[in-house]
Amino acid sequence: MSTQTIPPNGRTSYNFPDAKGKFGIYGGKYVPETLISALDELEKLYEQAKLDKEFNDELDALQKEYNGRPTPLTFAKRLTEHFGRAKIYLKREDLCHTGAHKLNNALGQILLAKKLGKTRIIAETGAGQHGVAAATVCAKFGLKCVVYMGEVDIERQKLNVFRMKMLGAEVVPVKSGSKTLKDATNEAIRDWVTNVSDTHYIIGSVVGPHPYPMLVRDFQSVIGEEAKEQIKEYENKLPDYIVACVGGGSNAMGIFYPFISDEKVKLIGVEAGGYGLNSGKHCATLTLGEPGIFQGMKTYLLQDQYGQISEVHSISAGLDYPGVGPEHSLLKDIHRVEYFSVTDDEALDATLLLSKLEGILPALETAHAVAHLNTLMPKTNKKETAIVNLSGRGDKDLNTIISKIGDKIL
Amino acid sequence: MTKISSYIEKVNQANRKALSIFLTAGFPAKENFVELALSVLENGADMLEIGIPFSDPLADGPTIQQSSQTALENGVNMKDVFSFCEKIKSKTDKPLILMGYANPIIKYGTKNFCEDALNSGAVGLIVPDVPIDEYESFYTNDFNNFEKILLTTPASSDERIKEIDKKGEGFVYCVSVTGTTGTRTNFDEHVLKNLERTYSLVTKNKMLIGFGISSPENIKTFLPFCDGVIVGSAVIKKINEDYKALPEFIRTLNNACELR
């Protein structure tokens, strides 16, 4: 199987985005006029590139030889026994080069940037995983890299800041607003508005203006395509459940997308519940938000009564975002994906559970998906199978984990 | 002719370019904002652009971001903005224009927003995160009585500028440089070439140049390529640095708009 074939259209009636970059009423291009020509140029180039054999061959080779794809689908024997219900498989994106699914997208976009003749790359990052991925591809292809990162995130994801700098990237601390992912994204967009002629913006998730939600999804859908083949080999059938965490939502779109037309496969997105849904300090955008316009897209948002964007909270920097990819908004409205949330504490517990039972330390983002198994598993039976998208590894989170539950571990 | 363009025409006929001044609503304080706005008008602004504060102003540089943040901390909301407009409008015939990002407007409800804004005396609307590509999806019939002011930038193709001129009302807002709002020290020859290009393509509407204009010298440079100029960040900066010098600053900007 090619690791980077053109994704299927999904449900026969499911063919999004439309020509205007809309997922139903969501998505679009709500950006300052300055960026429109760059977005149009990117869209045109991408439409050509995805049909271009040379482009796909180059990307396939990079995914295989540099990123380590295909990633394994691991049967989680002891985790399955722990719940005593459906068989649980883990799609091991934590084994990608750089430790998370983010590189799948960065590799695709750096090839586009080269074709566009851009010499400078900018990126936003929350957990630092996308920043590391962007810095990595820039090192490999010899392009200048500037990563915007909120000051709060710089503190809690220090290891990744060092990694980015070692890879030659400049990390710009963002001091505005909540000093997290949303503010880093604002700052990256402002940079792009200013330097659009020589700069390509590698957005790290399925967010922002068209064509980003589409092209990031397409580059990430290699996850779902592989998982589909792999689960058929093990089980000779499709899975009953797929579970993934959702911040912006790129790992979730990546694993969901190739299964959208397989109506019997239940798709489950897990958002960050922070201190709890009643606390006002969470990132459960799809659970509690309402549609609005933010950072180039129409989508569900956490906002106050005046339409100001909320300051949100999650223990996981990668999920700490008040918006969500527009395709998730559509998938929620058409009830194709069901969205839940788990709290910071539940995610921390799940981190320990997976470490102890499977010898896998998940990223705090990923741990949200694992934690949802507590809710899901009792409703399943032994004949069923579930895949959890193990989007990243947790080494980067040791500082946070030690500060929160260090005494529990020692 | 629209209300705004006929006003600009009147100014131009008096042998000057129009001066539009941007203020963030409720900045630096809620209490004396109306007084500040009236003083700006009295000292030579031909029009006022009133910024509706937003938590995430993508198109703005640090100066206006900060002013927007302060306004939000001052507790300014949409109702306050309308109340400012109403009070200002009761003392002036000059056009009031609202500038605001899309989300607070749709959250308020576009029908209610338009009714309340127009009743408060605003005539024009600028939404920097709605390009012509989203014109139809954003500007529903609710906005029919608003003069919808659209922006061009150096990155806009000739075709787009023509389309923007066609769809836009009030005036075309020509962004002088790529980038966010904020003062710049010099404008190179590419900038001027682009202004010349844009001015020649904008035929239906009046055209005002904005972004980066900070001094009478900047204004003089731009006069041949526009029907007026917009000054924002430099005014906010002046308010931050030397509030009392603002009237004098507005007067020097006004002087620079004279053609003689």
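Note: hydrogens, waters and symmetry copies are ignored here, and every other heavy atom, side chains too, is used.
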Can you confirm whether more than 12 heavy atoms, excluding those of Glu241(B), are under 6.0 Å from its CD atom? yes
Looking only at Ile189(A), Ile36(A), Leu301(A), the option with the highest number of non-hydrogen pairs under 4.5 Å against chain B is Ile36(A)
Quick one: does Asn103(B)'s side chain have a donor or acceptor within less than 3.5 Å of a partner on Ile293(A)'s backbone? yes
Between the CZ atom in Arg160(B) and the OG atom in Ser37(A), the distance rounded to the nearest 0.5 Å is 8.0 Å
Let's test your reading of the structure: which of Leu151(B), Asp56(B), Asp60(B) forms the most heavy-atom pairs below 4.5 Å with chain A? Asp56(B)
Counting N and O atoms only, with roles assigned by atom type, does the side chain of Ser55(B) sit under 3.5 Å from a partner on the main chain of Ile309(A), one being a donor and the other an acceptor? yes
Verify whether one side chain among Thr153(B) and Glu33(A) offers a donor that lies under 3.5 Å from an acceptor in the other. no
Do you know which two heavy atoms are closest between Ala59(B) and Pro32(A), and how far apart they sit? CB-CG, 4.0 Å
If only atom types and distance count, is the side chain of Thr178(B) paired as donor or acceptor with the main-chain N or O of Thr194(A) below 3.5 Å? yes
Just grab all the salt bridge (Lys or Arg N to Asp or Glu O under 4.0 Å) pairs involving residues 139-153 of chain B, residues at least two apart or on different chains. Lys148(B)-Glu169(B)
Any side-chain heavy atom of Tyr306(A) sitting closer than 4.5 Å to one from Asn77(B)? yes
Verify the neighbour count for atom CG of Asn278(A): are there more than 12 heavy atoms of other residues, nucleotides or ligands below 6.0 Å? no
Neighbourhood of chain B inside residues 310-324 of chain A, taking heavy atoms under 4.5 Å as contact: none
Which of residues 124-135 of chain B have a heavy atom under 4.5 Å from any heavy atom of chain A? Pro128(B), Asp129(B), Val130(B), Pro131(B), Asp133(B), Glu134(B)
Tell me if the NZ atom of Lys167(B) is crowded by more than 12 foreign heavy atoms within 6.0 Å. yes
Side-chain donor-acceptor contact under 3.5 Å, Lys22(A) with Ser137(B): yes
Which residues in residues 107-120 of chain B have any heavy atom lying under 4.5 Å from a heavy atom of chain A? Lys107(B)
Donor-acceptor check, side chain of Arg190(A) to backbone of Pro57(B), threshold 3.5 angstrom: yes or no? yes
Are more than 12 heavy atoms, taken from residues, nucleotides or ligands other than Lys30(B), located less than 6.0 Å from that residue's NZ atom? yes
For chain B, which candidate among Lys20(A), Gln305(A), Gln295(A) shows the most heavy-atom pairs at distances under 4.5 Å? Gln305(A)
